[in-house]
Structures are given as structure tokens and as C-alpha cells.
Amino acid sequence: MASTSFTSALCFFSQNRSRNRQFSSPVFSSSSNGVAFASNSIGLTSCAGLSSATSRFTRNCSSSTAPVRTLDYEFNDSSSEVELRLQLGTQDIRSSKDVYVDANETSLTIRVQRLGSITTLLETKQLFEKIKPAETIWYIDEDQLVINLKKHDPDLKWPDIVESWESLTAGSTQLLKGTSIFLIGDSTDINQKVAHELAVGLGYTPLSTKELLETFSKQTIDSWMLAEGSDAVAQAENTVLESLSSHVRSVVATLGVRAGAAGRTDTWRHLYAGFTVWLSQTEATDENTAKEEARRHMQDSKLAYSNAEVVVKLQGWDDAHSKAVAQAALSALKQLILSDKNLPDKKSLYIRLGCRGDWPNIKPPGWDPASDQKPNTSST
């Protein structure tokens with residue numbers, strides 16, 4: 001496995017039988033010799049359409065401590081900071097002392113006191129990206145509560161105050177810069193379903209190596225494996241991946257581990273052209289166990305999937321969870337790229353130089369992968 005000099009990321013998706021779906025936020029590492037994790041729990045929410053400037057939403061904001069109110073708010077990103085305007089309306093707020101704003105690096109809670117009881121207006125444990133909590137400013141402007149949050153990264157455009165499916169798909173295009181995404185994992189079916197959700201959300205082209213191979217061979221993957229063996233199928237998929245490696249704005253679902261090229265350590269040369277997301281099923285019942293399992297797998301050089309840049313741990317599976325898993329993957333990809341914004345450009349360079357297998361330590365033009373020697377730069 002090539003040495004990794006940039007961030008790895010992991011999400012843990014836990015199937016909740018009560019349908020109140022939750023998953024962890026992206027967890028990431030800033031070290032090349034280990035995977036360190038941090039996470040926050042976030043509930044799935046939905047919102048209306050997004051715009052690049054000011055947006056107005058009606059959202060049911062979750063709360064664990066007080067009644068939930070349906071809330072109107074306006075959101076605006078002004079480069080160095082974001083502004084949130086909450087309509088107080090009939091809240092009957094008599095003094096700023098009746099308002100409580102609790103801002104942390106990745107979370108925001110807003111409560112108001114009225115008639116002796118405290119009501120939560122907004123509570124999110126996952127802002128779209130990090131803020132500088134010490135520089136938070138808020139005030140009451142007539143019937144609005146105005147909150148200014150200083151962004152940690154002024155170059156990142158926020159589509160919304162919270163990290164949701166809609167804000168992730170709207171905001172990720174600026175980060176991905178057209179770089180394709182490859183989904184790998186044990187299940188071809190899961191890879192395909194999640195790839196479809198990602199492609200639709202991002203406006204990318206959904207592709208499936210299974211469908212491409214079956215169209216070309218005019219037989220199913222299972223019958224091909226019976227006739228010629230898994231090695232032949234893996235090599236054929238590797239040829240397809242070579243063709244797809246120069247594509248942009250695609251989400252590619254690869255074959256599962258039984259026949260897939262991604263499950264073999266010697267067929268990753270073209271997968272490195274895009275961001276690789278490993279959809280890994282687990283028997284773990286909690287995040288800590290899943291994270292420890294991921295650490296072991298990412299450090300196992302004999303395991304081809306350990307080359308992946310993002311790991312999404314799945315506890316159980318249902319087709320209805322496809323979008324939630326896609327959101328978890330996209331959230332982790334966002335954090336991965338924010339840890340090194342040069343990654344998409346580096347992927348582009350890797351493709352232009354011919355996907356020679358030298359990722360992530362790209363060698364100069366003319367490097368020969370067979371000899372692993374630097375090119376002869378002497379003039380002739």
C-alpha cells in the first residue's frame with residue numbers, strides 16, 4: 001500500500017429500527033501514521049431549495065431539552081462570516097437577557113425564555129463547517145434575532161447553516177472540482193444504490209462497472225465467474241476502470257469483493273484517479289467499536305480496501321438508507337478535502353500524467369513505473 005500523507009476519514013452509519021435515523025459526522029485524521037477520530041451525532045433534516053446568497057427555510061429543529069418550534073430563518077454567507085436571522089414573531093421576548101445563544105466550533109443552540117419556561121428555537125450539533133465561537137455576535141433587531149458567526153475557513157461558501165443532504169450536495173461542487181468518486185466495498189448492490197444517490201445529488205453521471213461489463217460480455221457477472229473465474233472478471237473490470245479514470249463528474253459503483261478489482265492490491269492504479277469511498281459492513285454496535293475496526297483495517301497493508309480515502313461503516317442495510325449513507329460519505333469527503341484543498345488538483349495532475357500508480361507521491365513527468373527510477377533529464 002502506498003504511504004498516505006493526507007487525511008483519512010470515516011463515518012459510522014447505524015441502522016435505527018425506530019426510523020429515527022442518526023449517524024456520526026465525518027471523523028478525520030491530521031496524522032500520516034495513524035487515524036485519530038472525532039465525531040458528533042447529527043439527526044437527518046430536510047429543507048427547501050437553496051440559493052447561493054440568502055435563503056429562507058421553514059425547518060423543524062430538533063431539541064432534546066425543550067419543546068420544538070417550527071422556525072423561519074434567513075441565512076446569508078458574506079465570505080468571512082455567516083449571518084442567521086431568526087424570526088421571533090410572537091415569542092414576546094422582552095429583553096436580550098431572555099435569549100441564550102450557545103455556539104461551539106461545530107454546533108449551535110438558541111433558546112429563549114418566555115413566561116418562566118425555556119424553549120429551544122434551534123439546535124444543531126453539526127454546522128456546515130467550523131466557526132470561531134469566541135467571535136460570535138448576536139443582537140435583537142425588531143422582531144428578529146440576528147447571529148453573526150465567524151467562519152473558520154473564509155474561502156468555503158456555506159449553502160446553509162447546518163450540514164444536511166441539500167447543503168452538502170450544493171456545497172461539495174466547489175470542493176470536488178469535478179473529481180470523480182469511486183465506491184468500493186463487499187456488496188455490488190450497495191455500491192450501486194449509494195452511487196446513484198450521490199450522482200443525482202451532485203449532478204454527476206452514475207456509472208456501474210457491473211452494468212458496463214455485463215453489456216460488453218453479454219452475460220451476467222456470476223456466469224462469467226463460473227466460466228472463467230474471478231481473476232478474469234477482476235482484470236476485465238480493471239480495464240473498464242482504466243477507461244473511466246479520465247472521466248470527470250462521475251460516481252462509479254464497482255464490483256463487490258468476490259470479483260472486484262478494488263479487492264486486489266495490484267489493481268488500484270486507476271482507482272486513485274478519483275476519491276475512493278469504502279462502504280464497509282460491520283457487526284459493531286457502537287461508534288467506538290466501528291472506529292477501532294476501521295483503524296485496524298486502514299493499517300492492514302494486505303487489505304486492498306485499506307487504500308480507500310474514506311470509510312463508511314454500515315451496521316445493517318436497507319435500501320431506504322441509501323441517501324443517508326450517501327450523505328455520510330459526502331460529509332466525510334468534505335472534511336477530507338478541507339484538510340488538504342490541493343487534493344482535487346493533485347488528482348487532476350495524477351490523471352494528466354497517465355495514472356501511473358505513483359499516488360500519492362507523484363513522480364516527475366517521464367517516470368517509469370516499471371523501473372521506479374527518476375527520468376533521465378539530460379539533453380540529447
Side-chain angles (χ1 to χ4, degrees), residues 18 20-25 38-154 156-168 170-171 331:
S18 67
N20 181 20
R21 300 176 202 159
Q22 290 193 332
F23 56 89
S24 69
S25 67
S39 68
N40 290 298
S41 179
I42 167 178
L44 294 182
T45 57
S46 60
C47 68
L50 299 166
S51 70
S52 59
T54 302
S55 304
R56 180 185 292 273
F57 304 92
T58 299
R59 183 190 301 278
N60 291 324
C61 301
S62 64
S63 169
S64 57
T65 58
V68 176
R69 305 185 68 88
T70 299
L71 182 67
D72 286 337
Y73 69 82
E74 295 177 16
F75 174 77
N76 182 59
D77 184 329
S78 60
S79 185
S80 63
E81 64 183 23
V82 292
E83 181 183 83
L84 185 66
R85 287 180 170 266
L86 305 179
Q87 299 291 336
L88 296 176
T90 59
Q91 294 293 328
D92 191 25
I93 305 301
R94 300 181 179 181
S95 168
S96 60
K97 294 181 180 179
D98 295 331
V99 179
Y100 306 92
V101 177
D102 183 14
N104 292 307
E105 193 173 51
T106 59
S107 66
L108 176 66
T109 302
I110 303 168
R111 297 184 176 93
V112 296
Q113 181 170 288
R114 178 176 176 271
L115 301 177
S117 64
I118 295 179
T119 301
T120 300
L121 294 184
L122 184 147
E123 182 177 54
T124 175
K125 295 182 179 179
Q126 190 64 41
L127 295 169
F128 185 75
E129 190 32 34
K130 294 179 182 178
I131 61 168
K132 300 177 181 179
E135 299 182 44
T136 298
I137 300 173
W138 66 269
Y139 57 92
I140 296 177
D141 181 14
E142 296 183 351
D143 63 344
Q144 291 185 326
L145 173 62
V146 182
I147 304 172
N148 290 340
L149 306 169
K150 187 70 70 173
K151 293 162 62 175
H152 183 78
D153 182 353
L156 179 65
K157 188 70 175 178
W158 289 32
D160 190 10
I161 187 68
V162 298
E163 183 186 86
S164 64
W165 173 248
E166 288 79 5
S167 65
L168 280 169
S331 178

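These values consider heavy atoms only, across backbone and side chains, with no hydrogens, waters or symmetry-generated copies. Residues: numbered from 1 along the sequence shown.
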- Taking the side chain as every heavy atom from C-beta outward, state whether Q87 and E74 have any atom pair closer than 4.5 Å. yes
- Item | For the student: nearest non-hydrogen atoms of L127 and W158, plus distance | CB-CH2, 4.3 Å
- Test V112 against D98 for side chain to side chain contact (heavy atoms under 4.5 Å, CB included), laying out the working first. CA-CA 6 Å; V112 296; D98 295 331; 5.7 Å; no
- Residue pair I110 / L84, side-chain heavy-atom distance below 4.5 Å: yes
- Please examine the side chains of I131 and H152, heavy atoms only from C-beta on, and report whether any two atoms are closer than 4.5 Å. no
- Task: Output the distance between atom CG (N148) and atom OH (Y139), rounded to the nearest 0.5 Å.
- Result: 5.5 Å
- Note on the structure: Closest non-hydrogen atoms of P159 and S167, given as atom of the first, atom of the second and distance, are CG-O, 3.4 Å
- Message: With rounding to the nearest 0.5 angstrom, report the CG to CG distance, L108 to L121.
- Response: 10.5 Å
- Query: Given side chains that start at C-beta, do those of L145 and Y73 come closer than 4.5 Å, heavy atoms only?
  - Reply: no
- Would you give the length of the straight line joining atom CD1 of I118 to atom CD of Q113, rounded to the nearest 0.5 angstrom? 5.0 Å
- Query: NZ of K130 to CG of D153: how many Å apart, nearest 0.5 Å?
  - Reply: 10.5 Å
- Reported NZ-to-OG1 distance for the pair K125 and T106, which is rounded to 0.5 angstrom: 10.5 Å
- Does any non-hydrogen side-chain atom of I161 lie less than 4.5 Å from one of L149? yes
- Message: Using the side chain to side chain contact (heavy atoms under 4.5 Å, CB included) criterion, which residues pair with S107? Sequence neighbours excluded.
- Response: N104
- Item | Heavy-atom pair of closest approach, residues K157 and F128 | O-CE2, 3.8 Å
- Task: Side-chain contact test, heavy atoms from C-beta onward, threshold under 4.5 Å: evaluate it for I147 versus V82 and give yes or no.
- Result: no
- Message: Can you pull out every salt bridge (charged side-chain N to carboxylate O under 4.0 Å, His left out) where at least one residue sits in residues 138-152? Sequence neighbours excluded, please.
- Response: D77-K151, E81-K150, R85-D141
